[in-house]
Number of protein chains: 2
Amino acid sequence: MISLDHVHDPKPEDFPSELEGLRMTKQRREVLAVILGERDHPTANDVFVRAKDRMPTISLATVYNCLEALVSHQIVRQVNFERESSRYCPNLSDHCHFQDEESGKIHDVVFKDGVKLEDFLELPQGTEISHLEISLKGQFGTQK
Amino acid sequence: MISLDHVHDPKPEDFPSELEGLRMTKQRREVLAVILGERDHPTANDVFVRAKDRMPTISLATVYNCLEALVSHQIVRQVNFERESSRYCPNLSDHCHFQDEESGKIHDVVFKDGVKLEDFLELPQGTEISHLEISLKGQFGTQK
DNA sequence: ATCATAATTAGAATAATTCCAAATTTTGGC
DNA sequence: GCCAAAATTTGGAATTATTCTAATTATGAT
Ligand SMILES: [Mn+2]
Ligand SMILES: [Mn+2]
Ligand SMILES: [Zn+2]
Ligand SMILES: [Zn+2]
């Protein structure tokens with residue numbers, strides 16, 4: 001697993017020409033830079049609008065193509081809340097998502113130390129989990 | 001909270017004329033009977049097709065209206081897997097969903113006894129959770 | 001029965017995403 | 001560097017789940 005998590009305000013040039021076996025084209029770099037730059041879980045359209053700032057010729061289809069490439073190579077994560085449009089998250093560590101219903105903002109939520117999913121769920125023996133998504137909504141705590 | 005969970009192969013007539021403050025119209029009864037009858041987490045269109053058997057005049061718009069009414073009155077639950085169409089579940093007890101990638105079938109998964117969400121997640125103090133969805137995908141265990 | 005309100009219906013509209021076919025860019029071999 | 005093949009990008013069309021609209025029908029209260 002790569003670790004791009006610490007890269008704040010990244011420039012597209014910061015990325016090598018290949019990542020996780022995926023060719024890093026100009027557009028893919030730009031899309032990745034957008035997602036790493038402001039970690040607010042943007043939608044595809046958000047990414048499109050932001051990417052156009054530095055790359056006015058990029059198309060929405062390309063943004064979707066890039067997102068799909070980045071997700072399938074596990075460079076970014078796709079995040080879903082019910083039937084809302086998908087959002088994208090550069091945090092590759094184990095975590096889930098909480099949406100504050102007042103602000104609409106999405107927060108990363110990490111698991112407590114040492115907890116394993118199997119400790120929580122009655123899963124039949126031999127179950128192999130390939131994908132897990134936990135999404136919460138509610139009122140974010142005022143205190144930190 | 002009502003408990004319709006034990007009702008197997010229900011007839012629309014089994015339901016009272018009002019449930020959880022919701023008027024039980026012919027169509028709402030039929031939609032609910034479909035969801036309780038075969039507990040395979042049908043999509044809206046699945047429900048529509050099945051409902052038409054006994055009520056050939058029902059419309060898809062009505063199925064959507066009924067589902068929205070039943071969900072908002074907490075008589076059934078809406079279940080989402082990534083960007084797939086929503087599915088509907090009559091099990092009102094606390095549980096989450098596992099989709100077997102081989103068969104596509106969705107299984108209810110219950111939480112182990114006594115576990116609380118706050119034991120698993122680093123949530124800021126004062127967080128109020130109004131909605132929670134946990135969706136898993138993978139290979140279902142061959143052994144029971 | 002009358003009236004007001006709520007629910008149903010068919011079809012149109014919406015919107016996120018995917019598909020398509022053409023144009024462009026990149027790559028690797030020479 | 002030049003060329004052919006392969007990969008990527010692009011604009012626009014297509015898809016599809018869901019929502020909306022406006023007309024019709026059913027319900028419940030008086
Ligand atoms: Mn995912
Ligand atoms: Mn829900
Ligand atoms: Zn995240
Ligand atoms: Zn269920």
Side-chain angles (χ1 to χ4, degrees), chain A residues 12-13 15-34 41-52 54-73 75-88 104 135, chain B residues 12-13 15-34 41-52 54-73 75-88 104 135:
Chain A
E13 315 82 68
F15 308 119
S17 71
E18 188 173 316
L19 217 48
E20 303 284 301
L22 178 69
R23 262 180 55 201
M24 275 291 134
T25 63
K26 281 204 294 322
Q27 290 84 351
R28 287 171 185 165
R29 275 170 214 263
E30 184 55 45
V31 165
L32 179 52
V34 164
H41 301 87
T43 63
N45 196 64
D46 294 337
V47 172
F48 176 52
V49 169
R50 294 177 199 173
K52 272 203 291 203
R54 316 176 92 224
M55 186 180 274
T57 58
I58 199 171
S59 75
L60 180 56
T62 298
V63 170
Y64 272 103
N65 289 340
C66 292
L67 290 169
E68 131 73 15
L70 293 168
V71 168
S72 68
H73 286 73
I75 297 166
V76 309
R77 285 178 55 181
Q78 188 169 4
V79 172
N80 299 292
F81 278 89
E82 313 205 299
R83 305 283 314 155
E84 296 171 28
S85 10
S86 285
R87 298 170 172 277
Y88 297 87
S135 304
Chain B
E13 314 83 67
F15 308 118
S17 70
E18 188 172 314
L19 216 50
E20 304 285 300
L22 179 70
R23 255 179 58 197
M24 276 291 133
T25 62
K26 282 204 295 318
Q27 288 84 351
R28 287 173 183 165
R29 274 169 215 264
E30 184 55 43
V31 166
L32 180 53
V34 164
H41 300 87
T43 63
N45 196 64
D46 294 337
V47 172
F48 176 52
V49 169
R50 293 176 200 173
K52 273 204 290 203
R54 316 176 90 224
M55 186 181 274
T57 58
I58 198 172
S59 74
L60 180 56
T62 297
V63 170
Y64 272 103
N65 289 341
C66 291
L67 290 170
E68 131 74 15
L70 293 168
V71 168
S72 68
H73 286 73
I75 298 165
V76 309
R77 285 179 54 182
Q78 187 169 4
V79 173
N80 299 293
F81 278 89
E82 314 207 297
R83 306 282 315 155
E84 297 171 28
S85 5
S86 285
R87 299 170 170 277
Y88 297 86
S135 304

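None of these values were measured; they are calculated from a predicted model. Only this structure's heavy atoms are used, side chains among them; waters, hydrogens and symmetry mates stay out.
To the nearest 0.5 Å, atom CE of residue B:Met24 and atom NE2 of residue B:His73 are 8.5 Å apart. Atom OG1 of residue A:Thr57 and atom CD of residue A:Gln27 lie 7.0 Å apart, to the nearest 0.5 angstrom. The CG atom of B:Leu22 lies 5.0 Å from the CD1 atom of B:Ile75; values are rounded to the nearest 0.5 Å. The structure places CG of A:Asn45 at 11.0 Å from CZ of A:Arg87, a figure rounded to the nearest 0.5 Å. Taken from CG in A:Leu67 to OG in A:Ser86, the straight-line distance is 9.0 Å, to the nearest 0.5 Å. Between the CZ atom in B:Arg54 and the CZ atom in B:Arg29 there is a gap of 12.0 Å [rounded to 0.5 Å].
A distance-only check finds a donor-acceptor pair linking the side chain of A:Ser135 to the backbone of A:Asn80 [under 3.5 Å]. Put simply, the side chain of A:Arg28 gets close to the backbone of A:Arg23: a donor and an acceptor are under 3.5 Å apart.
Minimum atom distance to the side chain of A:Arg23 is reached by C:dT26, of the listed C:dA7, C:dG11, C:dT26. Comparing C:dT9, C:dT17, C:dT8 by their closest approach to the side chain of B:Cys66 singles out C:dT8. In this structure, of C:dT17, C:dA10, C:dT26, it is C:dT17 that holds the atom nearest to the side chain of A:Ser86.
Place A:Thr57 and B:Thr43 on DNA chain D by their nearest nucleotides, and A:Thr57 ends up nearer the 5' end. Looking at which nucleotide of DNA chain C each of A:Asn65 and B:Gln27 is closest to, the 5′-most match is held by B:Gln27.
In this structure, A:Tyr64 reaches the C:dT17 phosphate: one of its side-chain N or O atoms is under 4.0 Å from OP1 or OP2.
A:Thr62 comes within 4.0 angstrom of a base, heavy atoms only.
Contact detail for B:Gln78 and A:Arg83: the closest heavy-atom pair is NE2-CG, 4.3 Å.
Within the structure, every pair that satisfies the side-chain hydrogen bond (donor to acceptor under 3.5 Å, both in side chains) test and touches residues 60-70 of chain A, not counting sequence neighbours, is listed here: A:Ser59-A:Thr62.
A:Leu67 places its CG atom 9 Å from the P atom of C:dT17, with the value rounded to the nearest Å. The interatomic distance linking B:Glu84 (CD) with C:dT18 (P) rounds to 12 Å, in whole Å. Separating the CZ atom of B:Arg29 from the P atom of C:dA7 is a distance of 14 Å, rounded to the nearest angstrom. The NZ atom of B:Lys26 sits 10 Å away from the C1' atom of C:dA7 (whole-angstrom rounding). When the C1' atom of C:dT24 is taken as reference, atom CZ of A:Arg28 falls 14 Å away, rounded to whole Å. Atom CG of B:Leu60 is separated from atom C1' of C:dA12 by 14 Å (rounded to the nearest Å). Distance, A:Asn80 CG to C:dA16 P: 14 Å, rounded to whole Å. Rounded to a whole Å, the CZ atom of A:Phe48 is 14 Å from the P atom of C:dT17.
Helix-axis bend for the helix from C:dA1-D:dT30 to C:dC30-D:dG1: the local axis fitted to the five terminal pairs at one end deviates from that at the other end by 30°, rounded to 10°.
You can see that DNA chain D meets the heavy atoms of chain B within a 4.0 Å-exclusive cut from D:dA17 to D:dT27, reading 5' to 3'.
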